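Notes follow once the structure below has been shown.
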Amino acid sequence: MSKYYLVLLAAVILFCGCSKKSPSNGPITPGDIKSHIAALANDSLMGRKPFTEGENRAIRYISQQFKQIGLEPGNNGSYFQDVPMVEIKGTPSKTMEVTGKTSYSLQNSTDFVAFTQQEQEEVDLKNAPVVFAGYGVVAPEYHWNDYAGLDVKGKIVLVLVNDPGFKSGDPNFFKGDTMTYYGRWTYKFEEAARQGAAGVLVIHQTEAASYPWSVVSSSNTGARLYLRQANKHMDRCKMEGWISDGATRKLLASAGITGDIRALARKRGFKAMPLGLNASVSIHNQLKYSTSHNVIGLLKGSSNPGEYIIYTAHWDHFGIGKPDAKGDSIYNGAVDNADGTASLISMAKAFADTKEKPKRSIIFLAVTGEEQGLLGSEYYATHPIYPLNKTVANLNMDALGNYGETKDIAITGKGQNDLDDYIERYATEGGLTVVGDRKPWAGGYFRSDHFNFAKVGVPALDMNNGDVSMKHDTAWAKKKQDDYTANHYHQPSDNYSPDMDATGMAQIANLLYRLGYQLSNETTFPGWKAGSEFKAVREKSMGL
Ligand SMILES: [Zn+2]
């Protein structure tokens with residue numbers, strides 16, 4: 001306790017002693033954030049999986065905190081928004097049998113993962129022809145169509161993760177190494193369904209996906225969740241999934257395709273290649289219809305309560321799964337995303353405690369189902385409680401850094417909208433720098449809840465600590481990030497520990513606090529920058 005007291009004291013002294021306001025300081029303390037992480041990432045919450053007792057405990061904790069802080073219930077008298085979902089627990093056949101010139105038995109989980117969104121007890125693919133369809137992209141603005149002249153009905157397409165621009169060396173080919181939405185696996189599944197394919201497998205490559213196969217296999221086994229839909233998702237492919245790089249190479253080699261398949265697929269005029277192989281696989285499904293919950297609290301604005309700033313953080317994680325090498329089977333998700341949820345609660349307290357109340361209303365929204373495809377935020381964005389054209393901004397926190405304060409602040413998908421400019425200003429004042437994505441090829445802007453707000457036009461900002469540690473040598477933060485990605489991301493070892501460094505989390509939370517507070521006292525609406533794919537939908541919704 002004394003350590004944090006000293007840190008706090010030092011921060012207070014610094015804060016009072018400076019006429020210039022450092023952006024890292026503010027009312028949100030690392031100690032307060034840590035107290036909530038300790039609660040949310042505790043084993044008793046069983047990994048915070050939707051529909052489990054873990055959900056009940058997580059949403060109870062968050063709503064009780066909101067109540068204690070003095071937030072009003074955000075949904076017509078309730079702290080909860082129902083999110084109707086279907087859970088599909090798919091068990092694929094142990095092997096995918098591939099026959100043709102040569103025969104292979106691909107092993108479930110090590111060579112491939114397969115699932116379906118179709119709400120059927122059994123889906124079956126028998127001797128479906130396999131086609132290598134390059135990147136699986138149809139992008140008119142780049143004059144690119146991997147499906148041109150191709151009939152994929154009844155077939156399984158193999159498509160590379162990421163987009164043709166990746167590692168092309170040309171920043172103007174797609175967006176170079178910056179992933180466009182065409183590179184995201186969700187897009188690959190959507191496009192294959194539009195084309196009428198029976199199955200789609202995304203070819204995993206660690207560099208292009210930005211995470212190792214272990215993440216693919218651990219995130220895609222067992223039950224998956226989807227928002228409930230009237231058509232029972234029958235417009236989707238029968239089978240969706242991933243295939244390992246190694247397994248892909250074996251299949252392609254038997255069709256005489258070897259070498260750098262990315263280079264092959266990014267060539268202008270690339271034509272999809274039938275492999276002369278057929279694959280059989282089946283998936284048995286157990287269906288369960290259930291309702292999960294977003295938690296929502298409101299701090300009514302003092303003079304402009306009909307306009308809103310929405311803070312988001314996802315409360316959910318993976319529950320209890322396969323034990324790791326140490327026998328730990330509880331996915332506590334301390335960093336992902338107990339720390340963002342904890343910061344959301346601390347944020348709410350900071351706003352409730354301000355002497356001068358914000359003029360616009362502030363919404364605190366802890367969303368469900370992020371890990372299963374950003375579902376809670378999609379539900380809110382498509383069933384908004386507060387009008388979207390009165391919603392000034394969405395500010396999102398997901399997996400904030402656990403390696404202390406940094407001299408640089410990383411804005412996800414930097415350059416999208418005017419919210420970046422506020423952060424740039426605060427940073428300059430405080431002697432910090434602002435950087436874009438650490439891994440622009442990872443498609444970070446499409447990977448957390450702010451993306452669903454962007455899709456409906458609300459300017460949305462997601463940011464995190466950068467690479468350059470305040471206290472440690474230059475390699476420190478990068479090393480910590482890499483260690484987290486390789487050894488803890490979506491693994492049972494993403495645990496809370498009392499010596500976790502939450503000063504970086506507080507740094508980001510305080511910057512976002514300052515931004516939200518400033519926005520709440522303005523009367524203007526920030527917009528999207530020219531060229532952003534989200535500008536048109538906002539202008540339409542604002543009647544511009
Ligand atoms: Zn996650």
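For ligands, and for the atoms within them, numbers begin at 1 and follow the listed sequence. What you are looking at is a predicted structure, and each value in this text was computed from that prediction instead of being measured.
- Proximity of the aromatic rings of Tyr135 and Tyr187 is defined here by a centroid distance below 6.0 angstrom, and this criterion is not met.
- When only modelled atom types and interatomic distance are considered, Tyr289 and Glu119 share a side-chain donor-acceptor pair under 3.5 Å.
- Protein contacts to the Zn ion (ligand 1) involving N, O or S atoms at a distance below 2.8 Å are Asp336 OD2, Glu371 OE1, Glu371 OE2, His490 NE2.
- Side-chain contact check for Ser493 and Asn495: no donor-acceptor pair (N or O, by modelled atom type) lies under 3.5 Å.
- Relative orientation of the Phe534 and Trp528 rings is tilted, given thresholds of 30° and 60° on the angle between their planes.
- For the pair Arg224 and Phe115, the distance from NZ or CZ to the six-membered ring centre is under 6.0 Å and the angle to the ring normal is within 45 degrees.
- Side chain to side chain, Thr433 and Asp408 fail the donor-acceptor criterion of an N or O pair below 3.5 Å.
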